Amino acid sequence: MRKITITDLLRPHFKSLIGGILAVIGAGIATLLEPWPLKVVVDNVLKSEPVRNGWLNKLITAVAGTDKLAILKLAAISFIVIACVDAICTYVQKYITTSVGQWVMHDLRRAVYAHIQKLSLAYHDQAQTGDLLSRVTSDIDAVQSFIVSGLLDALINCLMLVGMIGVMLYLNWRFTLIALSVAPALGIIVFVYTRRIKKASREVRKKESQIVSVMQEVLSSIRVVKAFAREDYEQHRLEEQSLEGIEIALRARSLKAKLAPLVGVIVAVGTALVLLIGGEMALAGTLSPGALIVFIFYIGKLYKPMQELSKMTDAYSKAAVGYERIREVLEMEREVKDVARARKLTRVKGEIEFDKVTFSYDSEAPVLKDVSFKIEPGQLVALVGPSGAGKTTIISLIPRFYDPSSGLVKIDGSDIRRLQQKSLRRHIAFVLQETLLFHAPIWNNIAYGKPSANRAEILRAAELANANEFIRKLPDGYDTIVGERGVTLSGGQRQRIAIARAIICDTPILILDEPSSGLDAASEKLVFEALDRLMQGKTTVVIAHRLSTIRRADCIFVVKDGEIVESGKHDELLRAQGLYSELHELQLDQSDGIGNPIVNS
Ligand code: ADP
């Protein structure tokens, strides 16, 4: 994948930046000209014998003649004009940098978010949400604030440096060399510190995102934290990270804090040198008093850009580190992606086939070993087996959340790797054990998989899912906001919304991680009824926990240690006296009499 450079980011804003650069040049020239009216007043007005030679003096004579009052007026007016040019250029420059900064931030945010959403589940399984969040927020922010406050400021400072040194060399090159004698020392110090500060800043950012990760993890599992009364432990964990954060931040801060005063002292030595030698030269008459004023003004301003540039290293290193972290995400390859000429899946009968599928999450021990089976369109297939056997992994391979290490997964005879992922997933609906609801009205939550659905369709889906009745009783009916910080729903109600979601998608393939586990008998009955309606005429793969579902299955696959060890109908498997009949015996022992025991987790 091609590397995304900072130039790529700035390219779309090329025209604005050109405007900004022109403004910077204007402001630079204005600053350079600032002491000149004063020089003219000192050398051409206040002196008893005004100088008449030199191009500047000739220009003054041409414009204002030799009348001292006229020259004074000219100097005063130029002073105001210079100030106005400076003001306008500075405004334009600030406006342009702010707007470019905002647009780059927008572009980056869009690109990173789009990429994060496209990254495979294998990436998200191991990525820390807090870390990703801090990349999308703080890191992008750092880049933005550098563009706003650093990019063109750096240019203006460089221009000022070059301009002022040029003018000083023109006025008196020997004196300029004396004034600049401290520059090498300054350069070395700035260079050395910049490198150290950049390294420290990187550590600070890393720590900050670790802290966000810890908080995010706890906030998203606050129920578990409370249930196990682990608040103190989690508090301690955060404090530990936060203390480490302080230590690292202080180290970085102390480096930064040392730099500015060091520069300040060196600058003072340089200024003292100029005052001393320049004063002597003016007394001896080798330098005009006006030129000395220009020199002193420039020297005062000359070190400022250096100091500014050295301060800017902080903003720059933050931005560089932020940008590096953003690029890491952007350059992360997707493991599961569409092949070059991926086919769009249109009509699907619903045949699912696994052909010698072997799979592992971490390319170590295989989780699935040589799994082969074929499910005919419209069949109901139940996966049973002990926890950790690989059932969830099998159903994750059907929508191609992961790619098998070897072997093929086929839908209607086509290798799913040759199909466009989106078109594949459009033909598969899920009802899982945990149903996530979004912070949105029920209408939108039901229509999540088919945003184009009209109200009548949503209502019908809710009715078929046995959800209509309870939704109507909610404070705002279908307009009730659910999900995070919305109205809370019971497990059974959430599942019926999930079933309505699946009904509305009306896909030929259904995947159920049996959604009735953990429900009370009354809820369960409603959920089962809804599921029955949902499954009609569809190829359904269900991780089954309930005997009632298993009994009805056209085929049962018994999964153990990543292999399908037995398959067949309920009665056949019982007769075979294998693992299934063992599990069944176990179930009957725990049964509540209505077929609700647990085969597996
Ligand atoms: P089941 O659904 O039968 O309980 P799973 O398919 O969830 O089993 O898990 C099979 C094996 O794969 C287990 O050993 C589990 O630890 C491992 N596993 C599951 N998901 C992941 C994952 N995202 N990353 C790494 N290993 C995983």
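We count ligands from 1, going down the list as the structure has it; atoms in each ligand are counted the same way. Everything numeric here is computed off the predicted structure, so don't read it as measured data.
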Could you list which atoms of ligand 1 come closer than 4.0 Å to a heavy atom of [X]?
X    : answer
V367 : 10 (C), 11 (C), 12 (O)
K391 : 1 (P), 2 (O), 3 (O), 4 (O), 6 (O), 8 (O)
S387 : 4 (O)

(message) Does ligand 1 come near enough to I543 that some N or O of the ligand is less than 3.5 Å from an N or O of the residue?
(response)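 Such a contact does not occur with ligand 1.
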
(message) Quick test of your reading of the structure: of I395, T393, V559, whose heavy atom lies closest to atom 5 (P) of ligand 1?
(response)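 Residue with the shortest heavy-atom distance to the ligand atom: T393.
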
(message) Quiz question: by atom type and distance under 3.5 Å, do the side chains of S134 and R325 form a donor-acceptor pair?
(response)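 The answer is yes; a qualifying pair exists.
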
(request) May I ask you to check if R230 and F228 form a cation-pi contact, with NZ or CZ under 6.0 angstrom from the six-membered ring centre and within 45° of the axis? (result) no

(message) Quick check for you: to the nearest 0.5 Å, what is the distance between M535 atom CE and Q379 atom CD?
(response) 13.5 Å

(request) Decide if atom NZ of K206 counts as having more than 12 heavy atoms of other residues, nucleotides or ligands within a radius under 6.0 Å. (result)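 No, not enclosed.
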
(request) Run the salt-bridge test on K318 and D139 with the 4.0 Å N-O cut-off and return the result as yes or no. (result) no

